[in-house]
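Since we're looking at a predicted model, the values are computed, not measured. So you know, we letter chains A, B, ... as the sequences are listed, proteins then strands, and number each from 1.
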2 protein chains.
Amino acid sequence: MTPANLETGYRGPQVCAIVGITYRQLDYWARTDLLRPSLADARGSGTQRLYSYRDLLELKVIKQLLDAGLNLREARRAVDCLRRSGDDLATANLVLGVAGTVLTQSGEEIIDLLRGGQGVLNIVPLANVVGEIDAAIVALAPVDGPLEASAPPVVDEPLTPLRRAAGRG
Amino acid sequence: MTPANLETGYRGPQVCAIVGITYRQLDYWARTDLLRPSLADARGSGTQRLYSYRDLLELKVIKQLLDAGLNLREARRAVDCLRRSGDDLATANLVLGVAGTVLTQSGEEIIDLLRGGQGVLNIVPLANVVGEIDAAIVALAPVDGPLEASAPPVVDEPLTPLRRAAGRG
DNA sequence: TCGCGTAGTTACGCGCGTGTTATAAGGCTA
DNA sequence: TAGCCTTATAACACGCGCGTAACTACGCGA
């Protein structure tokens with residue numbers, strides 16, 4: 001049993017279930033240095049990668065970018081921008097422009113960027129990412145009791161309207 | 001000589017020069033029904049496709065989406081949205097969300113969409129598109145005099161900061 | 001009508017990003 | 001420590017979105 005999630009980290013298949021991606025994607029992204037596990041990398045067959053909670057957020061950002069039709073080159077720029085910034089992600093918007101990537105806090109900055117005439121802007125509301133990751137963790141993690149077998153079947157698109165659970169103390 | 005541009009339309013290689021794409025892309029997009037010429041389609045080898053000015057705008061939107069890292073599936077949604085709307089494109093923003101595509105006039109609507117928590121938004125400022133297409137036409141079209149040989153070498157990224165020439169009477 | 005330039009057609013191949021399957025090897029329980 | 005289960009690795013293949021090149025055929029001028 002031994003959850004080994006909230007303190008030790010998240011292993012490959014767990015990450016796939018939480019983020020909503022395939023293991024092939026997670027493996028490919030780790031091999032191509034898009035997102036390698038920050039707690040423990042793989043050291044041969046049989047070993048296990050260990051992802052942190054922050055890794056889950058970045059992976060979810062990548063998945064949302066792919067769902068929006070973007071390629072992994074843009075996803076790489078997104079994670080680079082996320083790594084360069086602090087950890088006040090829950091209220092920010094990640095903006096990918098042709099001239100660079102920015103983290104904005106208010107909508108006014110986005111209006112300014114649009115008026116600047118920089119071309120196409122790809123905007124990721126990070127509050128959604130935090131909320132969906134937290135919801136998936138709560139839904140999939142064995143909390144401590146013996147009721148871990150009754151996990152919701154599909155938590156891919158929760159459709160919850162902006163419920164900020166903040167369930168990560 | 002016979003310009004045959006502003007009244008008859010634009011042929012394949014001309015379109016590639018104006019929009020900034022390769023002929024292979026233009027051909028592939030026409031064959032896959034992404035954007036077929038609205039004036040005259042190809043009827044076998046040796047014939048010629050004829051694109052309208054509106055086609056140039058939509059092609060430029062596609063190119064900007066590709067430059068932003070999006071795939072042709074999103075570009076298809078973009079042109080579908082552009083065809084369903086009127087022709088007041090110069091002041092609008094094309095917004096591609098995971099739940100649908102919208103044409104917005106003010107930046108306020110984009111703020112509302114971000115607050116709605118719909119996920120990633122891809123925004124195309126259409127004023128840029130109109131301006132760059134017009135500039136490329138002026139730069140590449142033989143205006144009437146014999147000075148058409150002195151065309152600027154590369155007009156791919158003009159870098160002009162929001163110069164709204166509106167040179168299309 | 002002949003010839004040539006121009007433009008569309010066809011075939012082959014590539015890189016990206018991933019699905020599928022089989023294989024190998026560590027990790028955890030007994 | 002024996003054993004199985006889990007997890008990473010490897011090889012192969014596929015569709016997308018083109019590049020490249022050869023081929024074909026219209027169109028226009030002489």
Side-chain angles (χ1 to χ4, degrees), chain A residues 1-5 8-37 39-51 55 59 61-79 140 142, chain B residues 1-5 8-37 39-51 55 59 62-79 142:
Chain A
M1 218 48 72
T2 68
N5 298 338
T8 312
Y10 305 88
R11 292 175 297 179
Q14 282 185 9
V15 171
C16 297
I18 294 173
V19 180
I21 58 179
T22 67
Y23 183 81
R24 198 63 183 82
Q25 292 179 299
L26 191 73
D27 180 54
Y28 181 72
W29 300 351
R31 292 179 187 278
T32 55
D33 281 338
L34 171 57
L35 183 63
R36 308 178 65 175
L39 294 185
D41 209 339
R43 307 180 317 269
S45 294
T47 66
Q48 55 204 18
R49 303 187 175 99
L50 271 183
Y51 292 85
D55 293 338
L59 287 169
V61 169
I62 298 173
K63 178 189 165 40
Q64 289 204 358
L65 289 177
L66 292 187
D67 290 344
L70 289 128
N71 51 27
L72 290 191
R73 175 173 58 89
E74 297 303 307
R76 204 172 298 270
R77 292 177 50 205
V79 295
L140 291 178
Chain B
M1 219 45 71
T2 69
N5 298 339
T8 312
Y10 306 87
R11 290 175 299 178
Q14 283 184 8
V15 171
C16 297
I18 293 173
V19 180
I21 58 178
T22 66
Y23 184 82
R24 200 62 186 81
Q25 290 179 299
L26 191 74
D27 181 54
Y28 181 73
W29 299 351
R31 292 179 188 278
T32 55
D33 282 338
L34 173 58
L35 183 63
R36 308 177 64 174
L39 294 185
D41 209 340
R43 309 180 315 271
S45 292
T47 66
Q48 54 203 19
R49 303 187 175 99
L50 269 185
Y51 292 84
D55 293 336
L59 286 168
I62 299 173
K63 178 189 167 39
Q64 288 205 358
L65 289 176
L66 292 188
D67 290 344
L70 288 127
N71 53 25
L72 290 192
R73 175 173 59 88
E74 297 302 308
R76 206 171 299 269
R77 293 177 51 205
V79 294

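- Atom OH of B/Y28 and atom P of D/dG17 are 5 Å apart (whole Å).
- Protein atom CG of A/L34 is 14 Å distant from nucleotide atom P of C/dC16, rounded to whole Å.
- If you take CZ of B/R31 and C1' of D/dC18, they are 13 Å apart, rounded to a whole angstrom.
- The side chain of B/S45 approaches D/dT24 more closely than any other nucleotide in the set D/dT9, D/dT24, D/dC18.
- Separating the CD1 atom of A/I62 from the C1' atom of C/dT18 is a distance of 15 Å, rounded to the nearest angstrom.
- One interatomic measurement links the two molecules: OH of A/Y23 to C1' of D/dA10, which rounds to 12 Å at whole-angstrom precision.
- Within the 4.5 Å cutoff, no side-chain heavy atoms of B/D55 are placed close to those of B/Y10.
- Here the side chains of B/L59 and B/L26 are in contact, with some heavy-atom distance below 4.5 Å.
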| query | After noting the C-alpha distance and the side-chain angles of A/Q25 and A/I62, does the key distance pass the side chain to side chain contact (heavy atoms under 4.5 Å, CB included) rule? | reply | CA-CA 11 Å; A/Q25 292 179 299; A/I62 298 173; over 6 Å; no

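- For B/D27, the side-chain hydrogen bond (donor to acceptor under 3.5 Å, both in side chains) criterion is met by B/R31, B/R49, not counting sequence neighbours.
- In this structure, the CD1 atom of B/I21 is 13 Å from the C1' atom of D/dG17, given to the nearest Å.
- Closest-nucleotide positions on DNA chain D for B/L66 and B/R43 were compared, and the one nearer the 5' end corresponds to B/L66.
- Partners of B/E74 according to the side-chain hydrogen bond (donor to acceptor under 3.5 Å, both in side chains) rule, which considers only residues two or more places apart in sequence or in another chain, are B/R77.
- Residue-level contact check: A/R49 touches the backbone only, with heavy atoms under 4.0 Å from sugar-phosphate atoms and none from bases.
- Contact annotation: A/W29 does not reach the phosphate of C/dG17 (side-chain N/O to OP1 or OP2, under 4.0 Å).
- Heavy-atom minimum distance, A/G12 versus A/Y51: CA-CE1, 4.5 Å.
- Applying the 3.5 Å distance criterion, the base of D/dT20 shares a donor-acceptor pair with the side chain of B/R24.
- Along DNA chain C, the nucleotide closest to A/G46 and the one closest to A/Q25 are compared, and the more 5′ of them pairs with A/Q25.
- Within residues 69-78 of chain B, no residue has a heavy atom under 4.0 Å from DNA chain C.
- Across all strands shown, A/T22 has heavy atoms under 4.0 Å from sugar-phosphate atoms exclusively, and none from any base.
- Nearest-nucleotide assignment on DNA chain D puts the 5′-proximal partner with A/T47, out of A/T47 and B/T47.
- Distance A/D27 CG to D/dA11 C1': 13 Å, rounded to the nearest Å.
- Distance, B/R11 CZ to C/dG5 P: 16 Å, rounded to whole Å.
- Between A/Q14 and A/L140, the closest side-chain pair of non-hydrogen atoms is not below 4.5 Å.
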